[in-house]
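Inspection log for the structure reproduced underneath, given as structure tokens.
Keep in mind that this is a model prediction, so the values were computed, not measured.
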Amino acid sequence: QVQLVESGGGLVQAGGSLRLSCAASGSAGMINAMAWYRQTPGKPRELVASITRGGMPNVVDSVEGRFTISMDNTKNIVYLQMNSLKPEDTAVYYCNADWSPPPPITPYNLQYWGQGTQVTVSS
């Protein structure tokens with residue numbers, strides 16, 4: 001089992017920056033990858049960025065060049081650095097973890113979600 005807690009959201013002006021943090025705890029086994037999603041009312045969750053266990057980051061085109069995902073394995077924290085924020089970035093941001101159980105259990109995958117943190121960018 002994995003517990004994910006997001007923090008770092010808030011209200012900023014367009015062009016400003018925020019850094020979101022996602023702390024993972026309470027798990028055995030392996031987190032294979034983590035990701036940040038965002039959601040606005042009436043729309044489905046949208047993938048923003050992901051990072052593999054090996055540290056390979058990916059961001060979607062809409063935030064490329066502005067957002068950076070990274071992780072601190074020592075503290076089990078994933079970050080989303082958001083620069084040059086736009087009003088369109090306003091959303092609840094959710095941390096996601098892809099988890100597999102520890103050996104000797106045959107591997108399978110589960111998805112875990114945090115409760116979300118609100119990011120509001122004023123125009």
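The CD1 atom of Ile51 sits 9.0 Å away from the CG atom of Asn58 when rounded to the nearest 0.5 Å. The line from OG of Ser21 to CE of Met71 is 14.5 Å long, rounded to the nearest 0.5 Å. Rounded to the nearest 0.5 angstrom, Trp99 CH2 and Leu4 CG are separated by 12.5 Å. We find the SG-CD1 distance between Cys22 and Ile69 to be 9.0 Å, quoted to the nearest 0.5 Å. To the nearest 0.5 Å, atoms CG (Asp98) and CD (Gln111) are separated by 4.5 Å.
By the rule that hydrophobic residues join a cluster once side-chain heavy atoms approach within less than 4.5 Å of another member, Val12 and Met82 end up as members of one cluster. Placement of Val92 and Leu47 within a single hydrophobic cluster is found when ILVMFWY residues are connected by side-chain heavy-atom separations under 4.5 Å, directly or transitively. Hydrophobic clustering (side-chain heavy atoms under 4.5 Å, transitive across Ile, Leu, Val, Met, Phe, Trp, Tyr) groups Tyr108 together with Tyr112. Both Leu20 and Val60 are part of a single hydrophobic cluster, where members link through side-chain heavy atoms under 4.5 Å apart. Residues Leu110 and Tyr94 share a hydrophobic cluster, clusters being chains of Ile/Leu/Val/Met/Phe/Trp/Tyr side chains in contact below 4.5 Å.
Crowding of Gln39 atom CD: a count of heavy atoms from other residues, nucleotides or ligands under 6.0 Å exceeding 12.
When all heavy atoms of Arg38 and Phe67 are compared, the closest pair comes out as NH1-CE2, 4.0 Å. When all heavy atoms of Met34 and Cys95 are compared, the pair lying nearest together is CE-SG, 3.5 Å. Of all heavy-atom pairs spanning Ser100 and Asn109, the tightest one is OG-ND2, 3.4 Å. Here the closest non-hydrogen pair linking Pro87 and Ser123 is CG-CB, 3.8 Å. Of all non-hydrogen atoms in Gln118 and Ala91, the two that sit nearest each other are NE2-O, 3.4 Å. Minimum interatomic distance between Val119 and Gly9 (heavy atoms only, all atoms of both residues): CG2-CA, 4.1 Å.
Side-chain atoms of Glu6 come within 3.5 Å of backbone N or O of Gln115 as a donor-acceptor pair.
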Candidate pair Lys86 and Val121, rule side chain to side chain contact (heavy atoms under 4.5 Å, CB included), full reasoning: CA-CA 6 Å; Lys86 304 175 181 179; Val121 184; 5.5 Å; no
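Aromatic ring pairs are classed by plane angle as parallel below 30°, tilted from 30° to 60° and perpendicular above 60°; the pair Trp113 and Tyr37 is perpendicular.
Looking only at side-chain heavy atoms (C-beta outward), Ser62 and Glu46 come within less than 4.5 Å of each other. When side chains are defined from C-beta on, Asp89 counts as touching Arg66, because their heavy atoms get closer than 4.5 Å.
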